[in-house]
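One structure is given here, and the rest of the page talks about it.
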Amino acid sequence: YLQEYEVSQECKDLIATLPMEQGWLATHLHQYQGFWFYTRQLQGLLSCQKHFNALNSDVILVTTPKSGTTWLKAWTFALLNRKKYPKMFQIHPLLTENPHFLVPFLEINLYADKNLLPDLNSLPSPRLFATHLPYVSLPKSIINSDCKIVYLCRNPKDTLVSLWLFTNKVKLEGSSTNSLEDSFKKFCNGVSLCGPFWDHVLGYWKKSLEQSEKIMFMRYEEMKKNPSFVLKELARFMGCPFSKEEEDEGVVDDILKLCSFKNLSNLEVNKKGKLPSGEENRAYFRCGEIGDSKNYLTAEMIEQLDTITEEKLGQYGFRF
Ligand code: A3P
């Protein structure tokens, strides 16, 4: 988030035609295809729309920012690599690397550099990628191939508070802090990273109802409340279900323990390390609870967010 990448002429020309807003991070937000992206992300979006070739075996994680992406990356990475690292508490990449390093974002990491396209052909199958892009902005090959999409969101109150605290943490040094009031207003008006939040959720919710074998729709709250059930469902969806022997040996619980907030947030790499893009790993671990937003939001703010959610999603049978 910190680095301002140089953008291509194509991206500059496009930006000149797009609505723009200040806020959240120390860069502008641009509205493209109905959603708000910061400059470097827009550059990456255009590039991956043009160049990313999804394979049928790929698994694409899609999340709204601050909905538990770090946790989902850890879960899916651990699921796909469990045979390779049977002694996962002794030797495992998640013990020494942050999940964001192991599972890169398409538009933020892999395709963000205008001068360098990634070579993804040599990656082991199934390849695992992440993105925050809304459904309408996904590279066409993701829609048209048989790759799997795992979508994760979280209730908007906790998402907003987590986003507000996170963006203030990773903003450029010296730039002023965003007030909660201002961030709240922007969020409600749809002006947030990859917002409008509700449109992002709705896009994937509708598609997941039509194509349940292609899109698995997940919520942070379900991961917290019923982790082993959700992890097993996820494994089945991804085509790597747990065998009876694995379940008997406690592999499900081991993965949950390895990826738990307590374990990951206490690792040296996540206390002291940084991502190549500059963010401190510890910024991705705060408290990891459901409902912590009530310690920040006023009753009026909560009511307003609940009302918008009901107005926008209630008619589709969706409730947080
Ligand atoms: P809070 O700010 O509410 O604590 P993302 O990974 O999409 O950026 O989302 C970050 C949120 O997920 C933060 O929420 C963070 O604490 C929480 N989180 C990170 N790792 C987690 C884990 N292993 N288990 C549960 N929650 C986790």
Side-chain angles (χ1 to χ4, degrees), residues 1-2 24-25 38 41 60-79 88 92-95 97-109 128-133 150-171 178 180 183 187 192-195 197 200-201 204 218-228 230-231 234 253-267 269-271 273 275 277 279-297 305 320:
Y1 295 96
L2 297 177
W24 300 103
L25 297 159
Y38 54 93
Q41 190 183 19
I60 314 285
L61 312 178
V62 187
T63 65
T64 46
K66 310 323 288 174
S67 59
T69 318
T70 316
W71 195 15
L72 181 64
K73 284 182 174 185
W75 270 22
T76 48
F77 184 89
L79 278 176
M88 60 180 91
H92 200 285
L94 281 165
L95 298 174
E97 300 289 358
N98 180 271
H100 291 286
F101 182 80
L102 299 170
V103 186
F105 286 108
L106 291 172
E107 77 283 12
I108 301 172
N109 308 123
L128 189 55
F129 301 112
T131 177
H132 287 317
L133 295 181
V150 179
Y151 183 74
L152 174 65
C153 62
R154 181 185 194 184
N155 82 75
K157 291 165 276 189
D158 290 342
T159 301
L160 161 64
V161 167
S162 186
L163 182 64
W164 170 61
L165 293 167
F166 176 79
T167 46
N168 274 335
K169 238 183 261 173
V170 303
K171 267 165 78 91
N178 299 318
L180 179 57
S183 300
F187 191 88
S192 59
L193 307 189
C194 294
F197 169 85
H200 200 288
V201 174
Y204 286 95
M218 292 174 54
R219 301 151 190 251
Y220 182 84
E221 291 76 14
E222 287 173 353
M223 291 169 72
K224 287 286 293 185
K225 286 182 188 157
N226 216 343
S228 58
V230 179
L231 185 70
L234 182 60
D253 287 339
D254 283 352
I255 291 180
L256 292 177
K257 200 169 152 202
L258 177 72
C259 302
S260 68
F261 183 90
K262 192 168 168 225
N263 187 53
L264 291 185
S265 63
N266 280 307
L267 294 170
V269 62
N270 292 326
K271 285 203 277 197
L275 291 172
S277 44
E279 296 88 53
E280 301 201 34
N281 291 341
R282 67 193 162 103
Y284 291 90
F285 303 93
R286 193 180 62 90
C287 71
E289 294 297 338
I290 301 172
D292 179 59
S293 53
K294 64 179 178 309
N295 298 317
Y296 296 87
L297 302 175
L305 283 168
F320 279 103

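Just so you know, ligand 1 is whichever comes first in the structure, and atom 1 is the first atom listed for that ligand.
Nearest to atom 11 (C) of ligand 1 by heavy-atom distance, out of Arg286, Arg154, Lys224, is Arg154. Checking Tyr284, Phe285, Tyr220, Trp75 against atom 26 (N) of ligand 1, the nearest heavy atom belongs to Tyr220. Among Leu152, Leu165, Thr64, Thr70, the residue whose heavy atom lies nearest to atom 6 (O) of ligand 1 is Thr70.
In this structure, a donor-acceptor pair under 3.5 Å is absent between the side chains of Ser265 and Asn270. Checking Thr70 against His100 by side-chain atom types alone, a donor-acceptor pair falls below 3.5 Å.
Classified by interplanar angle (parallel below 30°, tilted 30° to 60°, perpendicular above 60°), the ring pair Phe187/Phe197 is tilted.
Within ligand 1, the atoms closer than 4.0 Å to a non-hydrogen atom of Thr69 are 5 (P), 6 (O), 7 (O), numbered from 1 in the order shown. For ligand 1, the atoms closer than 4.0 angstrom to any heavy atom of Gly288 are 1 (P), 4 (O), 16 (O), 26 (N).
In terms of polar-atom proximity, Asp158 is not counted as a contact of ligand 1, lacking any N or O under 3.5 Å from an N or O of the ligand. Polar contact with ligand 1: present for Cys287 (N/O pair, distance under 3.5 Å). Considering both main-chain and side-chain atoms, Cys259 comes within under 3.5 Å of ligand 1 through a nitrogen or oxygen pair.
The nearest protein atom to atom 12 (O) of ligand 1, hydrogens excluded, is given as Gly68 CA, 3.9 Å; this is a heavy-atom distance. If you check which protein heavy atom lies closest to atom 24 (N) of ligand 1, you get Trp71 CD2, 3.2 Å. Of the protein's non-hydrogen atoms, Phe261 CD1, 3.7 Å is the one closest to atom 21 (C) of ligand 1. Of the protein's non-hydrogen atoms, the one nearest atom 8 (O) of ligand 1 is Lys66 NZ, 2.6 Å. Of all protein heavy atoms, the one lying nearest to atom 13 (C) of ligand 1 is Ser162 OG, 3.7 Å.
Not one N or O on the side chain of Asp158 forms a donor-acceptor pair closer than 3.5 Å with the backbone of Ile290. A donor-acceptor pair is defined here as one N or O able to donate and one able to accept, closer than 3.5 Å; no such pair exists between the side chain of Lys73 and the backbone of Gly68. With Glu107 contributing its side chain and His132 its backbone, the two residues share a donor-acceptor pair below 3.5 Å.
Residue contacts with ligand 1 for Ala74 are absent, since no atom lies close enough (heavy atoms, distance under 4.0 Å). Contacts with ligand 1 closer than 4.0 Å are made by backbone heavy atoms (N, CA, C, O) of Ser260 only, the side chain lying farther away. Contact annotation for Lys73 and ligand 1: no heavy atom of the residue comes within less than 4.0 Å of the ligand.
One finds a salt bridge joining Asp292 and Arg286 here, because a Lys/Arg side-chain nitrogen approaches an Asp/Glu carboxylate oxygen to under 4.0 Å.
In this structure, Lys271 forms no cation-pi arrangement with Phe285, as its terminal cationic atom is not both closer than 6.0 Å to the ring centre and no more than 45° off the ring axis.
Taking the six-membered ring wherever Trp is involved, the centroid distance between the rings of Tyr38 and Trp24 does not fall below 6.0 Å. Two rings, from Phe166 and Tyr284, have their centers less than 6.0 Å apart.
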